[in-house]
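Below is one structure; the comments refer to it alone.
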Amino acid sequence: MKKFYIEGGHELAGTVKVSGAKNAALPIISAALLGSGPSRLEDIPNLRDVRNLAKIISKMGARVNYENNTMEIDPRRLEHFATDPELAGQIRASYYMLGVMLARVGQARTSLPGGCSIGNRPIDLHLKGFKSLGAEVDISQGFVELKAEKLKGSRIYLDYPSVGATINIMLAATGAEGQTIIENAAREPEIVDLANYLTVMGAKIKGVGTDVIRIEGEEELQGEEHRIIPDRIEAGTYIIAGALMGEDVYVKNVLVEHIKPLLAKLEEMGVALEEDIAGVRVAAPEKLKSVDIKTLPYPGFPTDLQAQMMVLLTQADNASVVTETVWEDRFRHVEELKSLGARINMDDNSALVKPARLSGADVIATDLRAGAALILAGLKAEGVTSVDNIGHVERGYEDIEEKLTGLGAEIERAEETIESQVTTA
Ligand code: EPZ
């Protein structure tokens, strides 16, 4: 497994550039299969999940060329409606092929996305949406297969504003006759980015960014050019690194309105932030004040920054409460942080984080954001911290080692002996 050795205590200074958003790139790459011609997608981050999805669509018959963060996708020779089971098992977002292929050919098949270390991760809301559009759903032996003679637009109320279900239903609805209305839809910026791309392709979509999305189906969609939005979670992670260890860190390529919930909390903690059109400048204050955070769907505080924020809260002047409401099992970083000296008491879905001095130890990344949090903790901790299973982190952070080293962090990568076994985002 890959490991980082991090020598803590080095101040960070300089500029770090945020990459394109993984969680926007994955549905947008999928949506490119809906075009009648080739699409050119820019700022696609070079990450394992992205490369896997590119392999999946290539195996289905699309032509994919991926160089210098630009992906060209030509879906004209797409001939399979099913995903390769082995590849699809490695990446959860392969389930976007369900919505896409249902819209394109009225038939789709993929492996059921497996469990992952942050919670149960069911897809019942995706399936409810597909059924409501007229698809038959068959689940057997770990596969989900959809078939529809004809998709018909309908009104779908989501019991929870699921990001994945909103995306999958939007994708399927582009192929349905008439209007589809998604109520209690998710409002994440990645959904807005997907809708912007679908709209330039020719789709008729209204209401994205609100909780009611209307899609008028059966428009002819063209291949198009699109640039992916900056990754708000990557941006947030480097801003938190700046609040923790920054002498003067400028995080550029940030859409500030996407990270307001984080910036508001940092300001409450006493972190001085300077925002401009392209980014955020941040430095670690003398003293950090404690704050409570509760994760919620957008525009609430993002669950994908909960672990990283917890590290910062260990350095506050008083105890803080962190409540996780999105995923039922997203506190696996707590035990690892405790190995570094953090004082955290768990109670159900809340963690009481008390001030503590962190010191280097050997820890393991249990998932993508937990791994990012442990790297941040390593930057602060006295002595050397080793973070094992770094493959998780590299699924979501392009060039994290180079970016942090560029700011003055001391990070060394250990020899890779066995390819790490990681599950998916
Ligand atoms: C997306 O996952 C992101 N992944 C996650 O980021 C992120 O944590 C999550 O949204 C919430 O913001 C991608 O975009 C690839 P959900 P998704 O459906 O779509 C329940 C990262 O670190 N639910 O909004 O899978 C579910 O169990 C990753 O980059 C159902 O009950 O999230 C969870 O409790 C991790 N039934 C809640 O909804 C369903 O059918 C939110 O899930 C679907 C979801």
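Each ligand, and each atom within it, is numbered from 1 in the order the structure gives. The figures that follow rest on heavy atoms only: side chains count, while hydrogens, waters and symmetry mates do not. We number each residue from 1, following the sequence as shown.
- In Ala93, neither the side chain nor the backbone holds a heavy atom less than 4.0 Å from any atom of ligand 1.
- Looking at Ala165 against ligand 1, nothing comes within 4.0 Å, counting heavy atoms.
- Of all the atoms in ligand 1, the ones that sit under 4.0 Å from a non-hydrogen atom of Arg330 are 8 (O), 22 (O), 35 (C).
- Only the side chain of Lys22 comes within contact range of ligand 1, with a heavy atom under 4.0 Å; no backbone atom does.
- For ligand 1, the atoms closer than 4.0 angstrom to any heavy atom of Gly164 are 18 (O), 19 (O).
- Contacts between Gln306 and ligand 1, counted as non-hydrogen atom pairs separated by less than 4.0 Å, are absent for every part of the residue.
- Side-chain atoms of Ser39 and Tyr197 form a donor-acceptor pair, as typed in the model, at a separation below 3.5 Å.
- In Leu125, the parts holding a heavy atom less than 4.0 Å from any atom of ligand 1 are both the side chain and the backbone.
- Using a 4.0 Å cut-off to heavy atoms of His126, the atoms of ligand 1 that qualify are 40 (O).
- Dense packing is recorded around NZ of Lys128, with more than 12 heavy atoms of other residues, nucleotides or ligands lying under 6.0 Å away.
- Considering backbone and side-chain N/O atoms, Ser162 comes within less than 3.5 Å of an N/O atom of ligand 1.
- Annotation: cation-pi geometry not satisfied between Arg51 and Tyr66 (NZ/CZ under 6.0 angstrom from ring centroid, within 45° of ring axis).
- With hydrogens and angles left out, the side-chain atoms of Thr303 and Thr295 include no donor and acceptor closer than 3.5 Å.
- Atom CD of Glu402 sits in a crowded spot, with more than 12 heavy atoms from other residues, nucleotides or ligands closer than 6.0 Å.
- Ion pairing between Glu145 and Arg109 holds under the 4.0 Å rule for side-chain N and carboxylate O.
- Checking Val326, Leu305, Asn23 against atom 13 (C) of ligand 1, the nearest heavy atom belongs to Asn23.
- Heavy-atom contacts from other residues, nucleotides or ligands closer than 6.0 Å to NZ of Lys338 number more than 12.
- Considering all non-hydrogen atoms of both residues, Val208 and Ala195 come closest at CG1-CB, 3.3 Å.
- Among Tyr96, Trp327, Tyr160, Tyr95, the residue whose heavy atom sits closest to atom 42 (O) of ligand 1 is Trp327.
- Annotation: Asp304 places an N or O atom under 3.5 Å from an N or O atom of ligand 1; distance criterion only.
- For Glu234, the closest heavy-atom approach to ligand 1 does not fall below 4.0 Å.
- For the pair Leu33 and Arg104, the tightest heavy-atom approach, listed with the atom from each and the gap, is O-NH1, 2.7 Å.
- For atom 16 (P) of ligand 1, the candidate residues are Ile123, Val163, Asp367; the nearest heavy-atom contact is made by Val163.
- Enclosure of atom CD in Glu412 is not indicated, since only 12 or fewer non-hydrogen atoms of other residues, nucleotides or ligands lie within 6.0 angstrom.
- Looking at Asp124 against ligand 1, both its backbone and its side chain come within 4.0 Å, counting heavy atoms.
- At a 4.0 Å heavy-atom cut-off, ligand 1 touches Leu368 through the side chain alone.
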